[in-house]
Enquirer: 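Mind having a look at this structure? Questions to follow.
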Number of protein chains: 2
Amino acid sequence: MATHDPPAPVDSEPDTTAELPRELAVLWRSQAPGRRGPRPGLTLDRIADAAIALADAEGLAAVSMARVAAALGVTTMALYRYVSSKDELLAVMADVAVGWPPPPHAAGTEWRVALEGWAHAQIAALTAHPWITRATASPPLGPHSLAWLEAGLRALDDTPLDPGTRTSVVGALSLHMLSEGQVLAAIADQERAQERTGSRAPEHPALVDYATLLRLLADADDHPHVVAAVASGAFDDDPDEPYDTSIGLDLLLDGIAALIDRAAAQRPPQDGRGDA
Amino acid sequence: MATHDPPAPVDSEPDTTAELPRELAVLWRSQAPGRRGPRPGLTLDRIADAAIALADAEGLAAVSMARVAAALGVTTMALYRYVSSKDELLAVMADVAVGWPPPPHAAGTEWRVALEGWAHAQIAALTAHPWITRATASPPLGPHSLAWLEAGLRALDDTPLDPGTRTSVVGALSLHMLSEGQVLAAIADQERAQERTGSRAPEHPALVDYATLLRLLADADDHPHVVAAVASGAFDDDPDEPYDTSIGLDLLLDGIAALIDRAAAQRPPQDGRGDA
DNA sequence: CCTATCTGTCTACGGGGTAGACAGAACCGT
DNA sequence: ACGGTTCTGTCTACCCCGTAGACAGATAGG
């Protein structure tokens with residue numbers, strides 16, 4: 001399921017592992033290798049894969065410790081030998097499912113091309129596993145997530161932005177992608193529900209499309225602008241087109257371009273990257 | 001809890017109510033007024049208020065049908081006379097908690113001022129109830145949410161954008177605010193957890209700050225850009241400052257400005273608003 | 001070989017969402 | 001005024017979920 005090349009096996013940093021909080025130690029698969037008891041029958045990754053398959057097929061709500069364990073042919077409690085809580089499993093799932101970022105662009109690639117590619121790759125990952133955005137509440141700190149952060153910062157290499165601003169820019173973009181993912185998750189849920197209640201019966205509440213509902217709810221006195229927008233067809237989305245994700249991203253990129261222009265004007269262009 | 005003036009009582013549209021799907025009928029409080037049995041002891045709004053209070057105090061996870069019912073002095077099942085499922089209660093909670101948008105700016109206000117005010121008001125609402133972003137998965141269709149949509153579209157009144165683009169812009173901004181709200185919710189959760197495990201003991205996993213963890217995890221070989229960013233202090237946020245929300249919003253607004261400039265160049269400025 | 005250690009299992013607990021049956025209150029038409 | 005209808009709140013019961021704790025067996029170190 002990994003999208004691209006992992007940066008390194010795992011154990012290249014020897015001293016840090018000792019001080020890692022437990023939850024992160026699991027995420028990074030750092031364990032003392034010499035052990036005593038019977039050999040473990042499972043792997044954290046096998047568990048994560050099973051859970052991911054379940055979430056992909058039936059949504060995150062279907063992921064319970066019992067069902068994941070059943071899919072692996074073990075007891076529910078067996079999972080707790082690998083994961084200390086369900087939240088921890090969700091964190092591992094999310095990190096594994098995002099996969100690795102695409103390989104970096106060649107040096108000298110324009111920032112906008114690089115950043116756009118990075119964003120689209122992230123959206124692709126979230127499209128493949130829409131539940132990711134709901135799986136974890138804490139800031140992403142797994143190996144895959146960290147690789148994405150690295151890739152995002154790298155895309156801004158040749159810009160005149162200072163490190164703090166670069167971080168903010170990548171953060172804002174990530175946040176945006178996260179909410180796009182949430183929309184994708186909502187759509188996936190809706191499709192699943194639609195499937196369950198017979199293929200095309202819109203008798204179920206939230207399955208009617210937005211435009212229809214707005215036409216019912218918005219009246220011209222209280223919501224003239226909404227009515228006008230609906231009338232102009234602004235809410236009628238093509239059922240063929242999966243979901244137009246580009247608008248918000250384009251706005252952000254335009255904003256970043258403006259930011260870069262301002263920074264370039266203030267700090268005259270140097271040839272290389274500025275240090276410290 | 002309502003922030004500002006509601007647009008109208010409720011029952012100004014007579015015919016639509018009949019065709020509303022059940023879930024929305026509850027959101028819009030449309031019921032046949034002539035009834036037969038004993039007078040209801042509760043109100044949907046009283047239930048929503050109790051649930052909101054619970055969520056504000058202890059987080060969305062603490063909201064269970066049982067606890068909400070207990071807070072109101074009734075049995076769990078009594079709530080199901082007003083709401084057909086917990087999801088429906090969550091939808092009502094979310095809509096009530098966002099409240100009404102601020103009153104519209106005077107006509108002729110610059111779009112950026114109006115939109116920025118709108119956005120900040122929305123962030124304020126989400127700051128007051130950070131769990132809102134987690135409460136509902138479906139697109140917002142309650143009376144309050146619709147009022148926010150109306151207000152957002154109104155802010156773009158004097159721009160040369162066509163209706164479809166305006167809708168997209170408002171959607172992108174709403175989405176952005178939604179993810180900001182998610183960050184706020186994560187912070188709130190973290191603070192609650194911190195409170196629970198003794199005020200300032202960072203023994204708990206995810207409570208250590210991001211910069212410290214990144215310093216542990218990112219090594220210079222695999223993540224040079226992350227290491228550089230951490231070294232430059234880009235991740236050290238002031239513990240005093242609550243959360244700097246402006247960056248992403250500014251980027252979006254700059255992007256919108258660029259979009260408007262382009263539209264104005266293409267369609268020369270008219271004095272009034274263009275119709276149809 | 002003994003013993004410490006680790007694995008998977010079993011049992012059990014509290015809590016969650018919600019279906020169904022029921023008693024009583026309030027209103028309707030007569 | 002009255003019987004029937006309809007709606008309310010309660011009670012009971014069911015199944016699922018996350019997880020603590022005790023236990024049997026496997027494994028490797030001394």
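Chain letters run A, B, ... following the sequence lines, proteins first and then strands; every chain starts at 1. Below, each value reflects all heavy atoms present in this structure, side chains not excepted, and no hydrogens, waters or symmetry copies. Everything numeric in this text was worked out from a predicted model, so none of it was measured.
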Enquirer: Using atom CG of B/Leu72 as one end and atom P of D/dT8 as the other, report the distance to the nearest whole Å.
Expert: 16 Å

Enquirer: Would you classify A/Leu42 as touching base, sugar-phosphate or nothing, given that sugar-phosphate means primed atoms plus P, OP1 and OP2, and contacts are heavy atoms under 4.0 Å?
Expert: sugar-phosphate

Enquirer: Give the rounded distance in Å between these two atoms: OH of A/Tyr82 and C1' of C/dT9.
Expert: 13 Å

Enquirer: Between atom CG of B/Leu79 and atom CG of B/Leu42, what is the distance when rounded to the nearest 0.5 Å?
Expert: 7.0 Å

Enquirer: Would you classify A/Met77 as touching base, sugar-phosphate or nothing, given that sugar-phosphate means primed atoms plus P, OP1 and OP2, and contacts are heavy atoms under 4.0 Å?
Expert: base

Enquirer: Got a donor-acceptor contact below 3.5 angstrom from the B/Asp95 side chain to the B/Leu141 backbone?
Expert: no

Enquirer: When you look at A/Val92 and A/Arg29, which way does the side-chain contact (heavy atoms from CB on, under 4.5 Å) test go after all the steps?
Expert: CA-CA 10 Å; A/Val92 176; A/Arg29 321 282 193 289; 4.2 Å; yes

Enquirer: Can you measure A/Leu79 atom CG to C/dC10 atom C1' for me and round it to whole angstrom units?
Expert: 15 Å

Enquirer: If I take atom CG in residue A/Asp87 and atom P in nucleotide D/dC17, what distance separates them, rounded to the nearest angstrom?
Expert: 16 Å

Enquirer: Between A/Arg81 and A/Thr76, which has a closest nucleotide on DNA chain D that is more 5'?
Expert: A/Thr76

Enquirer: Where the side chain of B/Lys86 is concerned, which of D/dT8, C/dG8, C/dT18 is the nearest nucleotide?
Expert: C/dT18

Enquirer: Mind calculating the distance between CE (B/Met65) and P (D/dC17) to the nearest angstrom?
Expert: 19 Å

Enquirer: Suppose the criterion is side chain to side chain donor-acceptor pair (under 3.5 Å): which pairs have a residue in residues 62-83 of chain B, not counting sequence neighbours?
Expert: B/Glu58-B/Arg67

Enquirer: How does protein contact run along nucleotides 25-30 of chain D, one letter per nucleotide 5' to 3', with B for base contact, S for sugar-phosphate only, - for none, heavy atoms under 4.0 Å?
Expert: BBBBS-

Enquirer: Mapping B/Arg67 and A/Ala78 onto DNA chain C by nearest heavy atom, which one lands closer to the 5' end?
Expert: A/Ala78

Enquirer: List the steps, then state whether side-chain contact (heavy atoms from CB on, under 4.5 Å) holds for B/Leu126 with B/Glu180.
Expert: CA-CA 8 Å; B/Leu126 292 179; B/Glu180 296 281 6; 5.8 Å; no

Enquirer: Could you check how far CD of A/Glu88 sits from P of D/dG18, rounded to whole Å?
Expert: 15 Å

Enquirer: Could you check B/Thr136 against B/Leu90 for side-chain contact (heavy atoms from CB on, under 4.5 Å), going step by step and ending with a plain yes or no?
Expert: CA-CA 6 Å; B/Thr136 174; B/Leu90 290 177; 5.6 Å; no

Enquirer: Tell me what A/Ser85 touches on the nucleic acid: a base, only sugar-phosphate, or nothing, going by heavy atoms under 4.0 Å.
Expert: sugar-phosphate

Enquirer: OP1 or OP2 of D/dG21 versus the side-chain N and O atoms of A/Tyr80: is any pair under 4.0 Å?
Expert: no

Enquirer: Between A/Arg192 and A/Asp189, is there a side-chain N and carboxylate O pair less than 4.0 Å apart?
Expert: yes

Enquirer: Has B/Thr75 got a side-chain N or O lying under 4.0 Å from the OP1 or OP2 atom of D/dG9?
Expert: no

